Amino acid sequence: MRLYAFLFLISVPFIVEGDRSTQTVIFPTQTSTSYVEMTPKKDMTLRAFTLCLQVATELSGEREIILFAYGKRDDELNVWREQNGGISLYLGESSNGATFNVPDPGALHTHLCLTWDSMTGASTVFMNGRRSLTKVYKKGHTIPAGGKVILGQDPDNIEKMEAGFDAKQSLVGEIFDVNLWDFVLSDSDILDLYSGKKVQRGNIFDWETTNLRVSGNTVVLKHQV
Ligand code: CA
Ligand code: CA
C-alpha cells in the first residue's frame, strides 16, 4: 500500500531561474483519476484575483470541462469550459456562475485569464490578451483559505479526492502556465503575459516555481519557450 502511494504521487521539481523552458501538463486520456495538485505560496483568502493559464483541448462542445478548481468543503473557485461553449467562473456553492460567451479554446494553446474584484463584483475574461465585457458577480464575497487547488478534475470531495471525480468533467488535453495573483492585474500586464513578456509573478501561484503533485495518467513535460 505504501509503495502504491509512493508511485502514485510523484513530486515534480521546479524550473531553475534563467532556464528558457517551462513545464507543461498533459492529460492524454479521459479518466476520473488523473490530476495535479498545486500548493499555494500563501493563504488563499481572496477578495480579488487574477487567474491565468494556458490550455488546449480537442473536446469541443462535447461536454463541460473543468479548467481550474479550488475547493474546501465545497467548491470555492471553479473555472469551466461549458458544454454549450463559453468560460464560466463559479465562486462558492452557488449554482449560478458568471458565464462569458467567448470562443472555445481549441487544439491550439489559448491564453486565458479571469479577473474578479469583490468590492465591485467586476469580473472579466481575457482570451489571448483580448478583454471580454465586464460582468458583475458575487459582490462582497470572500473566498476562504484552507482548501486545495486541483487541475484536471472537479473535486466534489476534497477529503476523499478521487471519490468525487467525474471523468465526464475531466480535462483531456494540455494545461500550463497557471498563475494566480490576489489582486486584479492591469489590461496591459495581461497583454504582456500573453505576449510572453515578464511581468510580476503570481504571488499565490507562480508556475515557474510551483511544485506539482501529479497523480494518475498525467504527463509533465519540459517545453522550450
Ligand atoms: Ca463534479
Ligand atoms: Ca463541483
Side-chain angles (χ1 to χ4, degrees), residues 8-9 25-40 43-47 49-53 55-102 104-105 110 112-116 118 121 123 125 135 137-175 178-180 204-205 212-218:
F8 208 64
L9 288 172
V25 174
I26 295 154
F27 298 110
T29 54
Q30 176 169 302
T31 72
S32 59
T33 51
S34 307
Y35 69 103
V36 170
E37 184 180 340
M38 296 173 69
T39 310
D43 183 307
M44 273 190 62
T45 306
L46 298 173
R47 292 187 57 78
F49 70 81
T50 302
L51 170 67
C52 293
L53 55 87
V55 66
T57 177
E58 293 189 334
L59 293 171
S60 31
E62 294 161 38
R63 59 170 174 84
E64 57 188 358
I65 307 167
I66 190 77
L67 298 179
F68 181 92
Y70 172 59
K72 203 175 169 184
R73 240 193 22 216
D74 301 299
D75 295 334
E76 295 297 346
L77 193 183
N78 283 16
V79 177
W80 293 90
R81 198 297 309 273
E82 298 287 353
Q83 178 174 9
N84 55 359
I87 299 292
S88 290
L89 169 66
Y90 287 83
L91 298 179
E93 298 168 60
S94 157
S95 53
N96 293 321
T99 300
F100 297 84
N101 292 323
V102 292
D104 253 8
T110 296
L112 186 69
C113 296
L114 290 97
T115 67
W116 172 77
S118 175
S123 182
V125 165
K135 299 209 168 188
Y137 180 62
K138 291 269 180 166
K139 185 178 170 181
H141 178 73
T142 301
I143 300 166
K148 286 183 175 173
V149 168
I150 300 295
L151 304 178
Q153 302 283 343
D154 171 36
D156 289 335
N157 184 340
I158 212 81
E159 303 294 320
K160 293 182 187 154
M161 208 52 100
E162 286 170 50
F165 294 165
D166 176 355
K168 290 256 171 357
Q169 295 180 317
S170 67
L171 171 63
V172 182
E174 182 173 357
I175 188 165
V178 183
N179 292 287
L180 182 66
I204 297 183
F205 289 112
L212 305 179
R213 277 164 58 95
V214 173
S215 300
N217 185 19
T218 306

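As the structure is a prediction and not an experimental result, all values here were calculated from the model. Atoms within each ligand, like the ligands themselves, are counted from 1 in listed order.
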Discussion item. Suppose we only allow N, O or S atoms; which atom of D75 ends up nearest to the Ca ion (ligand 2)?
Written reply: OD2
Item to complete: Decide if atom CZ of R73 counts as having more than 12 heavy atoms of other residues, nucleotides or ligands within a radius under 6.0 Å.
Response: no
Worksheet item: Under 4.5 Å between any side-chain heavy atoms of T57 and L67, yes or no?
Response: no
Discussion item. Quick check on the Ca ion (ligand 1): does D166 put an N/O/S atom closer than 3.0 Å to it?
Written reply: no
Item to complete: Any chance you could measure L112, atom CG, to R81, atom CZ, to the nearest 0.5 Å?
Response: 12.0 Å
Worksheet item: What atom name does the N, O or S atom of D154 nearest to the Ca ion (ligand 2) carry?
Response: OD2
Worksheet item: Between L180 and V149, is any pair of side-chain heavy atoms under 4.5 Å apart?
Response: no
Item to complete: Specify whether an N/O/S atom of D156 falls short of 3.0 Å from the Ca ion (ligand 2).
Response: yes
